[in-house]
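Each remark here refers to the structure printed beneath this line.
Residues take their numbers from the sequence shown, with the count starting at 1. The structure presented is a predicted model; accordingly, all values stated were derived computationally and were not measured.
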Amino acid sequence: MVLPGARARGWAAAARAAQRRRRVEGAGGSPSPEPAGRRAALYVHWPYCEKRCSYCNFNKYIPRGVEEAAMQKCLVTEAQTLLRLSGVQRVESVFFGGGTPSLASPHTVAAVLEAVAQTAHLPADSEVTLEANPTSTPGSRLAEFGAAGVNRLSIGLQSLDNTELRLLGRTHSARDALRTLAEARRLFPGRVSVDFMLGLPAQQVGPWLGQLQELLHHCDDHLSLYQLSLERGTALFAQVQQGALPAPDPELAAEMYQRGRAVLREAGFRQYEVSNFARNGALSTHNWTYWQCGQYLGIGPGAHGRFMPQGAGSHTREARIQTLEPDNWMKEVMMFGHGTRKRVPLGRLELLEEVLALGLRTDVGITHQHWQQFEPQLTLCDVFGANKEVQELLEQGLLQLDHRCVGGCQAEGAEASQGALTTAFHRPRRSEKD
């Protein structure tokens, strides 16, 4: 495959060399030299699918025909515009989501990565993830995506039961899924994630656990467990509302989740976020940026972003949503350089609420040091130490305010940075905190 542009060829070659080094040396990397305000993740939304799954209410479209050259040009333009507008100098991860981005041409992926590398620093070892469905990703196509610069795959497997796959409106079979997973592991060893769903109508705990155990014979180092959410406007929601399908049992779903966690823990996975499990250090760098309230740019129809525009006259981060409908989005990009439909400045309290809500989803919680990046004046103990509601949660064992934070609130330096606010659900083991 020939990549467009000499710089892209150089970046892609360097990325492949970095991937080979990771296989030999293992995971890890040096800290980023850029200040936090100059770093960001980049999300790229490909809005098209072959068909709409029965449970999905994401911003996706079933096209009669896609003018991919026009879509590619607009993705490149918007990426360059928002990178310049944000002042971001280093892109630490790129995530191609959708929709079904594995339906796009590898040339489109390469063009976007080239644009990023030309506008900001895209390190050769940056995580570049592509969401893929088994039916749209034969082995040769996966290899082409790898040549374009992709080094991690997120596979929408969802189930290993063909009846459940039909219920969900998926176009692949369990056999298709395992074949794609095997090819992905061969091409991207240690860099494959699988989505697996629980809490479907009429689903039972025992058979679901059997599927999970089977998946672990084939699964790589990252797995996301997602409970089905019945969303208005979807076919599955309508079927349940009309009585054609039984409503999912929340108690059974809770049991699946708890027992699934135990199975994965026994298999050596770390539950580093509510729905995400990794072993061998294979955490998602891109998603970790979200949960740590880092900056991210969203490009493509309906993409979301959180970043601080350069030269905005303040230090205010904005929540941004791009125009949903692809044709309208493309018209706006061609006219203005980007198709931003909504901009919402985030006040200090709103930003801290996001830090709190997202941080408590992770197993490390919110450390004193991390909190101070967003609120240097008030420590965790200042904010939560005497709060009545927090005290009640502490007494019930539902929340943990680390004792070193309480002591560290009166101290300086390293001791103060040790403190953490965590949910008991994700309370770290003592060995992880010491």
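- By the 4.0 Å N-to-carboxylate-O rule, R170 lies too far from E164 to be salt-bridged with it.
- Residues L75 and W329 have side chains in contact (heavy-atom distance under 4.5 Å, counting atoms from C-beta outward).
- Between D220 and R191, no side-chain nitrogen of the basic residue sits less than 4.0 Å from a carboxylate oxygen of the acidic one, so the salt-bridge criterion is not met.
- Distance check, rounded to the nearest 0.5 Å: SG of C74 to CD of E67 gives 10.0 Å.
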**Request:** Go through the steps for R90 and E92 under the test salt bridge (Lys or Arg N to Asp or Glu O under 4.0 Å), then give the verdict.
**Result:** CA-CA 6 Å; R90 179 186 175 102; E92 300 194 305; 3.5 Å; yes
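- Residues satisfying the ring pair (Phe, Tyr, Trp, His ring centres under 6.0 Å) test with Y48, not counting sequence neighbours, are W46.
- Residues passing the ring pair (Phe, Tyr, Trp, His ring centres under 6.0 Å) test with F277: none are found, sequence neighbours excluded.
- The closest side-chain donor-acceptor pair between E50 and T100, if any, does not fall under 3.5 angstrom.
- Residue pairs meeting the ring-ring contact (aromatic ring centres under 6.0 Å, His included) criterion with at least one member in residues 219-243, sequence neighbours excluded: H222-Y272.
- Partner H286 forms a ring pair (Phe, Tyr, Trp, His ring centres under 6.0 Å) with one of W291, F96, Y296, F95 and no other, that one being F95.
- One distance of note links CG of N133 with SG of C49; it measures 7.0 Å at 0.5 Å rounding.
- A side-chain donor-acceptor contact under 3.5 Å links T340 and Q322.
- Taken to the nearest 0.5 Å, the OG atom of S93 stands 8.0 Å off from the CG atom of L42.
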